[in-house]
A.B. asks: 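This is the structure I want to talk about, given as structure tokens.
Protein chains get the first letters and strands the later ones, always in sequence-line order, with residue 1 at the start of each.
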Number of protein chains: 2
Amino acid sequence: MQDHLSQTFAALSDPTRRAMLAQLSKGKANVSDLAKPFLKAMSLPAITKHLQVLEKAGLISKTREAQWRPCELNGAPLKNISDWMEQYREFWEESFDRLEVYLKTVTSKKIMKEKKHGRKK
Amino acid sequence: MQDHLSQTFAALSDPTRRAMLAQLSKGKANVSDLAKPFLKAMSLPAITKHLQVLEKAGLISKTREAQWRPCELNGAPLKNISDWMEQYREFWEESFDRLEVYLKTVTSKKIMKEKKHGRKK
DNA sequence: TTTATATTTAACTAATTGGTTAATTAATAT
DNA sequence: ATATTAATTAACCAATTAGTTAAATATAAA
């Protein structure tokens, strides 16, 4: 998993891990807090592994407090993704703007045509 | 690969695929155009597979023109990522703002102290 | 009809991923 | 000292991924 950006994208490509980040966005949480919503679906070692993936990607950091391991969200890798996304902004905004632009285009063409010919059809 | 968002993140977690998207952001390109920068590093079938991953994630669409397969970039899945990112904006902006905020804090504390006591140290 | 170009499919492989259960470590409480 | 709670590690497994080479398909050109 060569580069940082790839590692971050890979870490985010799992719904369990994204849900963990969502919980951490509400504040610091222990491993068992983070595990709770998933313990019907998977074991605690599976949770540990998911958290290790997030930690290696730098998306969270784990500290120590007695036998607990409070985790917190780190924004930096998300900043890298956001920066990478920037170069595609025109493309993902386009999917919204396409209709609006199209309408403006046909409207102004119609207006120009009307100006040229005095009327339409 | 359950959900769309996971599929998109997974597709983006590879530098070859991201480079292909970068090229497509400059305009439509055939498979062989997209392959060119990588043919020293991998075979053509490998390229085909990467493009299939991008296509299944909806990030590109392939059309037919004689024996060529022109590909173009689709912004919609990137919009989904951008929307998902929004909920973490405070965290990834924080990594920038932290120092600025800190400096403002100590500065205003210093000013308040100076006002209270007439001077500092 | 053969040949050349562009691309994909098939069959295979090694490495990685996401999960498991059982055992282990770390810290606290009895 | 022992038991309890929190979390990790080890060893294993099945599915997926990212690549390979060889063969096949699609279209155009000679």
A.B. asks: Check step by step if side-chain contact (heavy atoms from CB on, under 4.5 Å) holds for B:I81 and B:L12.
C.D. replies: CA-CA 11 Å; B:I81 289 194; B:L12 295 176; 3.5 Å; yes

A.B. asks: Passes side-chain contact (heavy atoms from CB on, under 4.5 Å), A:N80 versus A:T8? Steps please.
C.D. replies: CA-CA 9 Å; A:N80 293 334; A:T8 306; 5.7 Å; no

A.B. asks: What pairs of nitrogen or oxygen atoms, one from the protein and one from nucleotides 6-12 of chain C, lie under 3.5 Å apart?
C.D. replies:
residue : atom : partner : partner atom : Å
C:dA6   : O3'  : B:Q67   : O            : 3.4
C:dT7   : OP1  : B:V31   : N            : 3.3
C:dT7   : OP1  : B:R69   : N            : 3.2
C:dT7   : OP2  : B:S32   : N            : 2.7
C:dT7   : OP2  : B:S32   : OG           : 2.6
C:dT8   : OP1  : B:K62   : NZ           : 3.2
C:dT8   : OP2  : B:T48   : OG1          : 3.1
C:dT9   : OP2  : B:Q52   : NE2          : 2.9

A.B. asks: Residues in side-chain hydrogen bond (donor to acceptor under 3.5 Å, both in side chains) with A:S61, at least two apart?
C.D. replies: A:N74

A.B. asks: Which residue, A:E65 or A:T16, contacts DNA chain C at a nucleotide closer to its 5' end, judged by nearest heavy atom?
C.D. replies: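 Its nearest nucleotide lies further toward 5', so the answer is A:T16.
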
A.B. asks: Counting any heavy atom closer than 4.0 Å, what does B:A41 reach on the DNA or RNA strands: base, sugar-phosphate only, or nothing?
C.D. replies: sugar-phosphate

A.B. asks: Would you please name every residue forming a ring-ring contact (aromatic ring centres under 6.0 Å, His included) with A:W84, sequence neighbours left out?
C.D. replies: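 A:W84 satisfies ring-ring contact (aromatic ring centres under 6.0 Å, His included) with A:F9, A:Y88 only.
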
A.B. asks: Applying a 4.0 Å non-hydrogen cut-off, can you work out what B:A66 is touching in the nucleic acid: base, sugar-phosphate, or nothing?
C.D. replies: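 Sugar-phosphate, backbone atoms only, no base.
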
A.B. asks: Run the side-chain hydrogen bond (donor to acceptor under 3.5 Å, both in side chains) test against B:E65 and tell me which residues pass, sequence neighbours left out.
C.D. replies: none

A.B. asks: Could you give the start and end, 5' to 3', of the contact zone on DNA chain D for chain B, using atoms under 4.0 Å from its heavy atoms?
C.D. replies: D:dA18 to D:dA28

A.B. asks: Look at the side chain of A:Q7 and the backbone N and O of A:K56, then say whether any donor-acceptor pair between them is shorter than 3.5 Å.
C.D. replies: yes

A.B. asks: Do A:T48 and A:Q52 come within less than 4.5 Å of each other through their side chains, counting heavy atoms only?
C.D. replies: yes

A.B. asks: Mind checking what makes side-chain hydrogen bond (donor to acceptor under 3.5 Å, both in side chains) contact with B:S6, not counting sequence neighbours?
C.D. replies: A:R18, B:D3

A.B. asks: Provide, to the nearest angstrom, the distance between the CZ atom belonging to A:F38 and the P atom belonging to C:dG19.
C.D. replies: 10 Å

A.B. asks: Assign each of A:R64 and A:S13 to its nearest nucleotide of DNA chain C by heavy atoms, then name whichever residue's nucleotide is nearer the 5' end.
C.D. replies: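 With A:R64 and A:S13 compared, the 5'-side residue is A:S13.
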
